[in-house]
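A short worksheet on the structure shown next.
Letters go in sequence order (proteins before strands), and every chain restarts at 1.
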Amino acid sequence: MSVALIDYGAGNLRSAAKALEAAGAANVRVTADPAEVRAATRIVLPGVGAFGACAAALRAIPGMEEALEETVRGKGRPFLGICVGMQLMASEGHEFGVHKGLGWIPGIVRRMEPKGPDGEPLKVPQIGWNEVVPSPAGVLVEPGYAYFVHSYALEAANDVDVAGTASYGAEITAAVQRDSMLGVQFHPEKSQSYGLALLGRWLKWRP
Amino acid sequence: MSATVRVIPCLDVANGRVVKGVNFVGLRDAGDPVEAAARYDAEGADELVFLDITASHEDRAILLDILAETATHCFMPLTVGGGVRTHADVQALLRAGADKVSVNSAAVARPELVGELARTFGEQCITVAIDAKQVSPGRWEIFTHGGRRATGIDAVAFARRMADLGAGEILLTSMDRDGTRSGYDLPLLKAVSAAVPVPVVASGGVGGLDDLVAGVTQGGASAVLAASLFHFGEASIADAKHALMQAGVPVRPPEADMVRA
């Protein structure tokens, strides 16, 4: 088994790599090479920053989007998107303009405008631990607390793609899943034992 | 359920050591920051803050090592501050394993820096640390250089400006209360929390668990930070969370992630 952790200048790669190893991954390769993505048995797309900047950085690597399409969508290799890496799975992101995502999960990434019980605005970004509630479709997502840092959230067009939710003023998408793809809004690599357990399940997942 | 209030131990680091040390049972070396971080990770702390209090050139290299070593073993959010001035400073800290970087004096000297950093690294990883002192009833000013230098800048207005420029979070320390163990400066906390749309971390003055509760229920903080309270074993992370839960403040239950060290 080899795990390709995509290095496109937009992620906390060291933490993600160490967490995957702690969760049982034997061969984690931090790479910006589409050939290594094609050769990997599993693929992780991290992401920190703005949607548009991340999408542009990913597309700036010649052949990377095609390699992802071919291996994840074509060959059905297990994929994990983390935070903005998950948001990039959507059709488009509305952050500093409208930007095209990978289009794997129909839906739009929009700025959250959460309100508390008395109608007062909640703090954005959401920074902290929130309770993840698995959806019926979410075979990898367990209930528990995960660490979130985000101002934008993925509004999936189809409920069937939503693998887990959390509550922040309103219900927000915590995880999406379709075919061989899992995406999580939270940071499993920063979610202590909850996060490592999720990574462990994903590493054993045979979709 | 909604997002929970974070309980954050703060490690002040100088010359590669936790200043004043920590007094945990079972640590081989009470001043070793990596060991202390591992202990707080095992106790289920929600985040750790490292502050490089000397921020000298030599110290920065040591801090990066501490951070890298911590991030190899502790899979939890890490925030680092002290002497952060440039894009290169932020990049080095993020690469070593920091999730958020806190900017202090450099943001006072040139506020636009915060916007530039937020655009490059994302708002969510730029925290602005504000050190404030009361100058008259209902008015607080920013002080720099460890509280020695007055700037004449209104702390509440500055916090608002920082959030407008792209700070994702404000780490607010009362210089009047820091080290006094007399509780957070609640009016200051309340004024800043109400003024900014981003989370505010309360800091400075915690003497007991009630102070943590008041920081949230009266001060409106999104997270509570303390150092000595935790370092000297007076209260555990679980004690802090139980106190907050009893007061009706949502927290991640300590059992959710406590690993027996």
Residue [X] excluded, over 12 heavy atoms near [atom1] under 6.0 Å:
X: A:Glu120; atom1: CD; value: yes
X: A:Arg201; atom1: CZ; value: yes
X: A:Lys100; atom1: NZ; value: no

| Proximity breakdown for A:Ala19 and chain B, heavy-atom pairs closer than 4.5 Å |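 Interface part for A:Ala19: both.
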
| Heavy-atom contact with chain B under 4.5 Å, split by part of A:Leu196 |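 Answer is side chain: those atoms of A:Leu196 sit under 4.5 Å from chain B.
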
Under 4.5 Å from any heavy atom of chain A - which part of [X]:
X: B:Ala98; result: backbone
X: B:Arg95; result: backbone
X: B:Ala96; result: backbone

What's the separation between atom [atom1] in [X] and atom [atom2] in [Y], rounded to the nearest 0.5 Å?
X: A:Lys18; Y: B:His73; atom1: NZ; atom2: NE2; answer: 8.5 Å
X: B:Asp46; Y: A:Lys190; atom1: CG; atom2: NZ; answer: 14.0 Å
X: B:Arg252; Y: A:Gln192; atom1: CZ; atom2: CD; answer: 4.5 Å
X: B:Phe75; Y: A:Ser191; atom1: CZ; atom2: OG; answer: 12.0 Å
X: A:Glu21; Y: B:Thr72; atom1: CD; atom2: OG1; answer: 9.0 Å

Contact summary for [X] and [Y], nearest pair of heavy atoms:
X: B:Gly97; Y: A:Ser15; result: O-OG, 4.1 Å
X: B:Ser222; Y: A:Lys123; result: OG-CG, 3.8 Å
X: A:Pro125; Y: B:Val198; result: CD-CG1, 4.1 Å

| message | Quick check: do A:Ile127 and B:Gln124 have side-chain heavy atoms less than 4.5 Å from each other? | response |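 In short, these two side chains do not touch, never coming nearer than 4.5 Å.
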
| field | Non-hydrogen side-chain atoms of A:Trp129 and B:Glu47 separated by less than 4.5 Å | value |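 Answer no - side chains too far apart.
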
| query | Among B:Leu94, B:Val5, B:Asp99, who wins on heavy-atom pairs under 4.5 Å with chain A? | reply |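 Among the listed options, the one with the most contacts to chain A is B:Asp99.
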
| Which of the residues B:Gly122, B:Pro199, B:Ala223, B:Cys125 is involved in the greatest number of heavy-atom pairs with chain A at under 4.5 angstrom? |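 So the answer, after comparing B:Gly122, B:Pro199, B:Ala223, B:Cys125, is B:Pro199.
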
What are the residues of [range], in order of number, with any heavy atom under 4.5 angstrom from a heavy atom of chain A?
range: residues 239-246 of chain B; answer: none
range: residues 164-173 of chain B; answer: B:Gly168, B:Glu169
range: residues 184-197 of chain B; answer: B:Ser193, B:Val196, B:Pro197

| request: Would you list the pairs meeting ring pair (Phe, Tyr, Trp, His ring centres under 6.0 Å) in which at least one residue belongs to residues 77-127 of chain A, sequence neighbours left out? | output: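 Qualifying pairs, neighbours excluded: A:Phe79-A:Trp104.
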
